[in-house]
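The structure displayed is predicted, hence computed values, not measured ones.
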Amino acid sequence: MTQRPSSPGRSLGLLADLYQLTMACGYWKSGMADHEAVFHLTFRRHPFGSGFTVACGLGPAVDFLEEFRFDETDRNYLQTLRGNDGKPLFEKTFLEHLGKLKLSCDIDAIPEGTVVFPDEPLLRVRGPLIECQLLETALLNIVNFQTLIATKAARVVMAAGEAPVLEFGLRRAQGIDGGLAATRAAYVGGCEGTSNTLAGKLLGIPVRGTHAHSWVMSFAAEEEAFQTYAGVMPNNCLFLVDTYDTINGVRRAIRAGKWLREQGHEMVGIRLDSGDLASLSARSRQMLDDEGFPKAVIVASSDLDEYAIDTLNKRGARVDVWGVGTRLATAYDEPALGGVYKLSALRKAGGTWQYKLKLSEEPAKVSNPGILGVRRFSQQGRFVADVIYNEEETLPASWTLVDPANPGSRYAVSPDYQAEELLEPVLRQGTSVYESPPIEELRAYCRQQLSRLDEGIKKLEQPSRYRVGLEEGLYNLRSSLVAQARQPGRESASG
């Protein structure tokens, strides 16, 4: 089953900010296009005040990379762009170069569904500088959004406990592609299904749903609406009961359910979409049980998120399935991950690496130099610590983590811990060596990853902090480059 959120049937080389193309032209004209570069896609802090983030979007990113090109229509469009002097912005020979460009990068990535933490490279892109630069915006666009939604979904699913969560957000998602991408990421993050039938077709995600308020309002009476629906859709009757009066709606749904049973069918259940969901669900459960429908499910919707679900559960809500829409599919409370894509190493053909970092007055925005890897340590199946290190340097016999925000805080990793590398090959010389697992496997893998985190890290509010740091040698390199860059007259950081 394809993992592609959409198949536009056209070149997507122009899925880039203009400055990616102007810089690419500049590299080409100045003879730097083929310098070997390394970029890393990272994020600086967890969204939603979470203690973890769920990596997502790699499958669609690989789909994009496999089709990356600048076709004739792209080049014709670029030829129409003008500078402030009215002359063409791009030379014809540069556009011809774009037409012949084929990716030759090596790309490594952390698999989808993996729990990840700030400053860890979700992707590492290594290859000709011009290629690495042209990929920046598209990779950020794909990975940022899906990682954000997968993280939100994981939090909502944890708040729901044993009750399944369905994603209902398509109508308020950010466009067609945004809706498909959100559904995909929500499923990876743990949702059990979606109302989005196109996502069901393209991605193989289970689809769920029955009728809306408009169905009930189309009839003279609610009971007639339920009875008619039972007659035309007897194997999919989950009645929306709050159009007029919720408790009376439950009574009418029960009568329709009894009629269905006489015809040899069973009512699926009811949906509550407004009001005090805790008290209404408890009363509805009692009514359904008393009338012989103990297996009829109660679905709740209505502007839900992890906090609302947690509160309702603590109040004793009797909800069997949660339908979460707007606040999931749009990441309503924090609608951007804030991932970044930074150059960390550069060299001429046959030359030595020049390590690069971005300096900032804000310590959190200082990037890490080198060709970075991430090693995760575990003890008895539980994740203990992650270390970010420079693969070009000799690996230490023993690992010490340094927190750049608090250099006095150092952690020596026990030699008894199990270790695993998080980055895996995705592209080699521009050719995909990665096959995205079926989406069911991604969802199961995410669930398994979350089970290996300490419970304190998964708390909805004020979670514990997972231990992540720079390998001591990398921290020393970073400190040295920062010091060099801050010397008077120095305008770049390299080593």
[X] and [Y] ion-paired at < 4.0 Å:
X	Y	result
Lys458	Glu455	yes
Glu192	Arg443	yes
Lys314	Asp310	yes
Arg375	Glu420	no
Asp276	Arg315	yes
Arg467	Asp403	no

Taking everything shown except [X] itself, do over 12 heavy atoms lie less than 6.0 Å from its [atom1]?
X	atom1	result
Gln462	CD	no
Arg171	CZ	no
Glu362	CD	no
Tyr332	OH	no
Arg452	CZ	yes
Arg465	CZ	no
Gln380	CD	no
Arg172	CZ	no

Any side-chain heavy atom of [X] within less than 4.5 Å of one from [Y]?
X	Y	result
Val433	Val426	no
Thr73	Ser11	no
Arg318	Arg283	no
Val324	Glu306	no
Val115	Arg376	yes
Trp322	Leu166	no
Glu391	Arg124	yes
Leu14	Leu78	yes

[atom1] of [X] to [atom2] of [Y]: how many Å apart, nearest 0.5 Å?
X	Y	atom1	atom2	value
Ile110	Glu120	CD1	CD	5.5 Å
Asp320	Glu162	CG	CD	12.0 Å
Asp106	Arg428	CG	CZ	4.5 Å
Ile270	Met287	CD1	CE	8.0 Å
Arg45	Ser50	CZ	OG	11.5 Å
Leu15	Gln20	CG	CD	10.5 Å

For this session: Could you tell me how the ring of Tyr229 sits relative to the ring of Phe239: parallel (under 30°), tilted (30 to 60°) or perpendicular (over 60°)?
Result: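 Tyr229 vs Phe239 ring planes: perpendicular.
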For this session: Measure the acute angle between the ring planes of Tyr417 and Phe377, then classify it against the limits of 30° and 60° as parallel, tilted or perpendicular.
Result: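 Tilted, since the angle between the ring planes falls between 30° and 60°.
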Exercise. What's the verdict on side chain to side chain contact (heavy atoms under 4.5 Å, CB included) for Glu266 and Lys295, showing C-alpha distance, side-chain angles and the deciding distance?
Worked result: CA-CA 9 Å; Glu266 278 295 315; Lys295 294 183 179 179; over 6 Å; no
For [X] and [Y], test the side chains for any donor-to-acceptor distance below 3.5 angstrom and give the result as yes or no.
X	Y	value
Asp273	Ser301	yes
Asp386	Tyr466	yes
Thr137	Tyr19	no
Glu440	Tyr187	yes
Arg155	Tyr307	yes
Ser274	Asp242	yes
Glu131	Ser104	yes
Thr183	Asn196	yes
Tyr445	Gln449	yes

Exercise. Side chain to side chain contact (heavy atoms under 4.5 Å, CB included) between Asp333 and Arg327: does it pass, once the steps are laid out?
Worked result: CA-CA 7 Å; Asp333 46 341; Arg327 294 178 184 274; 5.8 Å; no
What heavy-atom pair brings [X] and [Y] nearest, and what distance separates the two atoms?
X	Y	value
Ala182	Ile149	O-CG2, 3.5 Å
Gly13	Phe70	O-CE2, 3.4 Å
Phe64	Leu12	CE1-O, 3.4 Å
Ile298	Ser281	CD1-O, 3.5 Å
Glu66	Ser432	OE2-CB, 3.2 Å
Thr151	Val54	OG1-N, 2.9 Å

For this session: Any chance you could lay out the salt bridge (charged side-chain N to carboxylate O under 4.0 Å, His left out) test for Arg184 and Glu112, step after step, and finish with the verdict?
Result: CA-CA 11 Å; Arg184 180 186 188 277; Glu112 293 188 90; 2.7 Å; yes
Between [X] (side chain) and [Y] (backbone), is there a donor-acceptor pair under 3.5 Å?
X	Y	value
His46	Phe117	no
Asp108	Leu423	no
Glu334	Phe48	yes
Arg382	Leu453	yes

Problem set entry | Pair Leu180-Leu198, side chain to side chain contact (heavy atoms under 4.5 Å, CB included): steps then yes or no | CA-CA 8 Å; Leu180 288 166; Leu198 183 57; 3.9 Å; yes
For this session: Check ring-ring contact (aromatic ring centres under 6.0 Å, His included) between Phe219 and all other residues, then give those that pass, not counting sequence neighbours.
Result: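 Trp215.
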Problem set entry | Thr194/Leu170 under side chain to side chain contact (heavy atoms under 4.5 Å, CB included): CA gap, chis, key distance, verdict | CA-CA 9 Å; Thr194 179; Leu170 178 60; over 6 Å; no
